[in-house]
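Below is one structure, written out as C-alpha cells; the observations come after it.
A quick note: this is a predicted structure, and the numbers were derived from the prediction, not measured.
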Amino acid sequence: MKQLLEHLIIQALTSAHENGLVTSPAFPDFVIEVPKNISHGDYSSNIAMVSAAIQKISPRKIAESIIRHIQDTQGVIDHVDIAGPGFINFYLRPESWIRFLKRVPELGSRYGSENIGNGKKIQVEFVSSNPTGPLHVGHGRGAAVGDSVSNILSFCGYDVQKEYYINDSGRQINTLGRSVFLRYQELLGESVRFPDDCYQGDYIRDIAGRIMDMKGPDLLDQPDEKAVMFCARYAADLILEDMKQDLESFGVFFDRWFSEQGLYDSGKVADVIESFRNRNIIYEKDGALWFDTTSHGDEKDRVVVRNNGQTTYFASDIAYHYDKYDRGFEKVIDVWGADHHGYIPRVTAAIVSGGYRKEQFQVVLVQLVSLLRAGIPVAMSTRAGEFVTLRDVIQEVGRDAARFIFLTRSSDNTLEFDLELAKQKTNDNPVYYVQYVHARICSIVRKSTEMGISVIVPDDAALCLLNTPEDIALIKMMIKYPEIVRSSAELLEPHRITFYLMELAASFHAYYNRQRVLTDDIPLTLARLYLMKAVRQVIANGLSLLGVSAPESM
RNA sequence: GCGCCUGUAGCUCAGAUGGAUAGAGCAACGGACUUCUAAUCCGUAGGUCGGGGGUUCGAAUCCCUCCAGGCGCGCCA
C-alpha cells in the first residue's frame with residue numbers, strides 16, 4: 001500500500017513539475033507513514049514539508065499541487081487533504097483494504113517475507129559458551145536472540161547458517177580437567193585442597209563420579225598431566241552433550257558445531273600468524289607477538305602469542321573469522337554477551353586487516369539477564385557454583401514462555417526474568433496472550449467446520465462486508481506486518497516481531513469481544529472466517545520467527 | 001580516567017531511518033460472560049521523555065555538555 005501511494009506521489013510531483021507548478025523535479029527523502037491519530041487519515045506523507053527548501057515554495061502550496069496531479073487509476077483513495085504544517089493525508093476507500101487482505105492467504109506461511117537477502121550467504125554465530133559448565137539464563141537469551149535473528153534473516157531470503165563455536169582448547173579446558181581430577185581424587189579418599197580458580201559446581205563432582213564408575217582408581221596410576229588431560233576431554237564432551245540437549249529442548253538447532261581445537265590441529269592458527277608476520281602486521285615485542293589492531297581503530301595492539309609461547313584466544317578468533325569468510329559467507333554476525341563489547345574493535349581490526357570489509361562483520365550485543373522469583377533476585381554465583389541453569393528455567397516455565405520473554409526486550413536493554421511471572425497464565429505473561437489468539441481462532445474454525453461452511457471462499461462482495469472499525473483495524477495491522485519483518489531483519493532486532501504480535505493480539509481480542517464471527521448471515525460469516533484465518537496465519541508466521549509454537553487449543 | 005549500554009507514567013518497557021495531541025502492559029479505580037474459550041474486553045486516572053544548551057518549519061529521536069546506574073578496559077578466558 002505504501003509503495004502504491006509513493007508511486008502516486010512521485011507521479012503527481014513529476015507532472016506538477018511538467019505543468020510548471022513546482023520549480024524542481026528533485027525528490028528529497030520523504031516518508032509515508034500510518035499516522036498515530038486515526039483522524040489524520042489512513043496514510044500520511046511529509047513530502048511537501050521536506051520539499052519546501054528545494055522548491056522554495058511553501059509546503060501547503062506544494063501539497064496542493066501534488067494533490068491536484070494525483071492519478072488514482074486503481075480507485076483506492078476516497079479523499080486526500082492537507083493538514084498541519086503541510087502533511088498530505090490519504091483517506092482510503094474501505095474496499096481498498098481487501099486486495100491487501102487477500103495477500104495473506106495467497107502467500108500463506110510466506111506472508112510477511114520480503115526478499116532483502118537475495119540468497120546471500122550469511123552466518124550467525126551464537127551462544128558459543130565454553131564447555132566448562134552448564135548453560136545459564138544469559139545463554140538462554142543469547143540462544144533465543146540468535147535463533148530468532150537467524151529465522152528472520154532466513155525468512156527474508158538470506159542463506160543462513162547457524163553456528164556454535166566450541167572453545168575446547170586452552171587454559172580453561174585444562175582448569176576443567178584439573179577440577180574434575182581433584183574431585184576424582186577426593187572420591188578416592190585423598191585429601192585435596194580445592195583451589196578457588198577451579199570450577200566449584202556440583203556437576204564437577206558428578207562427572208568425577210562417572211569417571212570413577214568407568215575407570216575405578218586407574219587414573220591415579222598415570223602421570224597427573226595425562227590424567228588431567230583425560231578428565232578434561234571427558235568432561236568437555238559430556239558438558240557439550242548436555243548443552244546440545246538443553247538447546248534442543250529449547251528448540252535451538254545448530255547447523256554446525258565448530259571446534260577451536262580444530263583450528264590448531266589443521267594449522268590454521270599458525271598459518272595466520274605466519275602470513276601476518278611476513279606483512280609486519282604481527283610483530284615481536286617484549287618476547288610476545290602482537291597484532292597491529294591500532295591502525296584500524298583499536299586503542300592498543302593485542303597479543304596473539306604470549307612470551308611463554310602460548311597463543312591467546314584472540315589468535316584463534318582471528319583464524320576462526322577468516323575461516324568463516326573462506327567458507328563463502330558474505331556476512332558474519334556474532335551474537336555476544338554485552339560484557340564482551342570491548343572485543344569488537346580488535347576483531348573488527350583483524351577482519352579488516354585480512355582484506356574484508358567492515359560491513360561484512362556485525363556484532364549483536366545482548367545485555368545481561370537478572371533472574372527474579374516473585375520480584376526477588378535469585379542469588380547467582382558462578383564462583384560458588386550456585387546458579388539456576390537454562391535447563392531449570394525451561395523445566396519450570398516451559399520453552400515457549402522462556403523464548404518469548406527473552407524476546408520482549410530490545411537486546412540493548414538488561415532483562416529481568418521473573419520465574420513466577422513467566423509461569424503465570426495471565427495477561428502479565430504476554431506469550432499466552434498471543435498464543436491464545438491462535439487457539440481461539442482454531443476453535444472458531446473447528447466450530448465452523450461442524451457447521452459445514454469453512455471451505456467456501458467468500459467473493460469480493462462478501463469481503464466488502466468487513467467494514468466495521470474493528471475489521472479495518474485488524475486488516476491494517478496485518479498489512480503492517482511485512483514492514484515489521486523487514487525492519488526486524490535490517491536492524492537484527494527480533495523484539496520488533498514480539499511487540500507487533502502483542503499489538504495484533506490486542507486488536508484481535510478487541511474484535512472478538514465486539515464482533516461475532518459465526519452468525520446466520522452467511523456472506524458475513526464467510527468473510528469474517530476469512531479474516532480470522534488471515535489473523536491466525538500472521539500470528540503463526542510471527543511466532544515461528546520467534547521459535548514459539550502456535551497451539552490449536554489451550 | 002577512557003569506551004560501550006541504559007535513563008520515557010508508581011513498576012516493567014515500546015517508540016529504526018526527525019513529524020501532528022509521547023504509547024502499551026502491570027498496579028489503582030469503575031464496568032462487561034444464558035453468546036465462537038473471561039488465559040478476554042471496555043472505560044477512568046496517571047508524563048518537565050534524567051538536567052541544561054544547540055541544530056530546524058518540527059526533537060524522546062540528531063549534536064554538545066553535565067548527572068545517575070550497569071558493563072568493559074590483562075602477555076585472563
Side-chain angles (χ1 to χ4, degrees), chain A residues 29-31 33 35-37 39-40 44-46 49-50 52-53 58-59 83-87 89 130 132 167 170-173 175 197 285-290 299-300 302-314 337-345 365-368 370 375 408-416 418 421 424-437 439-448 450-451 483 486-488 490-491 493 495-496 498-500 502-503 505-506 508-519 525 528-529 532 553-554:
Chain A
D29 284 342
F30 67 99
V31 294
E33 59 174 8
K36 274 174 267 181
N37 190 332
S39 68
H40 292 138
S44 171
S45 178
N46 65 351
M49 278 129 68
V50 295
S58 79
F87 289 103
N89 295 338
N130 294 346
T132 54
N167 288 117
R171 212 179 74 166
Q172 89 286 352
I173 286 292
T175 304
D197 68 331
K285 192 181 88 181
D286 304 330
L289 292 182
W290 299 70
E299 39 184 53
K300 53 177 282 196
R302 307 292 174 176
V303 170
V304 285
V305 182
R306 294 194 272 161
N307 61 13
N308 64 6
Q310 290 206 318
T311 49
T312 62
Y313 263 165
F314 183 44
D339 52 342
H340 288 83
H341 77 262
Y343 281 71
I344 296 175
L365 286 179
V366 182
Q367 294 288 333
L368 60 89
S370 46
T408 52
R409 296 282 181 281
S410 134
S411 295
D412 288 340
N413 250 314
T414 55
L415 169 77
E416 291 189 351
D418 194 308
L421 223 66
Q424 271 179 37
K425 303 192 168 174
T426 66
N427 215 353
D428 298 4
N429 195 356
V431 61
Y432 299 113
Y433 185 76
V434 174
Q435 287 184 319
Y436 192 41
V437 174
R440 265 186 156 174
I441 295 175
C442 286
S443 174
I444 296 173
V445 171
R446 276 194 298 273
K447 195 118 191 169
S448 75
E450 287 165 22
M451 296 163 67
E483 296 165 31
R486 171 186 275 270
S487 67
S488 186
E490 285 172 349
L491 300 166
E493 292 183 347
H495 74 279
R496 288 170 186 277
T498 317
F499 280 94
Y500 169 81
M502 293 193 279
E503 214 182 319
F508 164 79
H509 288 307
Y511 187 93
Y512 186 91
N513 276 274
R514 211 155 187 148
Q515 307 291 350
R516 226 191 128 71
V517 177
L518 305 175
T519 62
T525 299
R528 290 193 165 169
L529 260 177
M532 290 299 103
S553 66
M554 287 171 70

Within the pair [X] and [N], is there a side-chain N or O less than 4.0 Å away from OP1 or OP2?
{"X": "A:Y512", "N": "B:A39", "value": "no"}
{"X": "A:R440", "N": "B:A38", "value": "yes"}
{"X": "A:Y436", "N": "B:A39", "value": "yes"}
{"X": "A:K300", "N": "B:C75", "value": "yes"}
{"X": "A:R302", "N": "B:G74", "value": "no"}

So, using side chain to side chain donor-acceptor pair (under 3.5 Å) as the criterion, who are the partners of [X] when residues are at least two apart?
{"X": "A:E490", "result": "A:R486"}
{"X": "A:T498", "result": "none"}
{"X": "A:N130", "result": "none"}

Practice item. Indicate, yes or no, whether a donor-acceptor pair under 3.5 Å links the base of B:C75 to the side chain of A:N307. Key: yes
Point to revise | Check: B:G3 base within 3.5 Å donor-acceptor of A:H341 side chain | key: yes
Check your understanding: When every nucleotide of nucleotides 11-19 of chain B is labelled 5' to 3' by its protein contacts under 4.0 Å (heavy atoms), B for base, S for sugar-phosphate only, - for none, what sequence of letters results?
Key -> -SSSSB--B
Under 4.0 angstrom, heavy atoms only, what part of the nucleic acid is [X] near: base, sugar-phosphate, or nothing?
{"X": "A:Q515", "result": "base"}
{"X": "A:T132", "result": "nothing"}
{"X": "A:E503", "result": "nothing"}
{"X": "A:D197", "result": "nothing"}
{"X": "A:A439", "result": "base"}
{"X": "A:A288", "result": "base"}

What does the list of N/O pairs under 3.5 Å between the protein and nucleotides 46-49 of chain B look like, with a distance for each?
none

Exercise for review: Could you summarise the pairing of RNA chain B as dot-bracket text, marking Watson-Crick and G-U pairs under 3.5 Å with ( ) or [ ] inside the strand and | across strands?
Suggested key: (((((((..((((.....[...)))).(((((.......))))).....(((((..]....))))))))))))....
Are the side chain of [X] and the backbone N or O of [Y] linked by a donor-acceptor pair below 3.5 Å?
{"X": "A:T312", "Y": "A:V305", "answer": "no"}
{"X": "A:R409", "Y": "A:T414", "answer": "no"}
{"X": "A:T525", "Y": "A:T519", "answer": "yes"}
{"X": "A:H509", "Y": "A:Y436", "answer": "no"}

Check your understanding: Less than 4.5 Å apart, any side-chain heavy atom of A:F508 and any of A:M532?
Key -> yes
**Study point:** Integer-rounded Å distance: B:U35 C1' and A:I444 CD1
**Key:** 12 Å
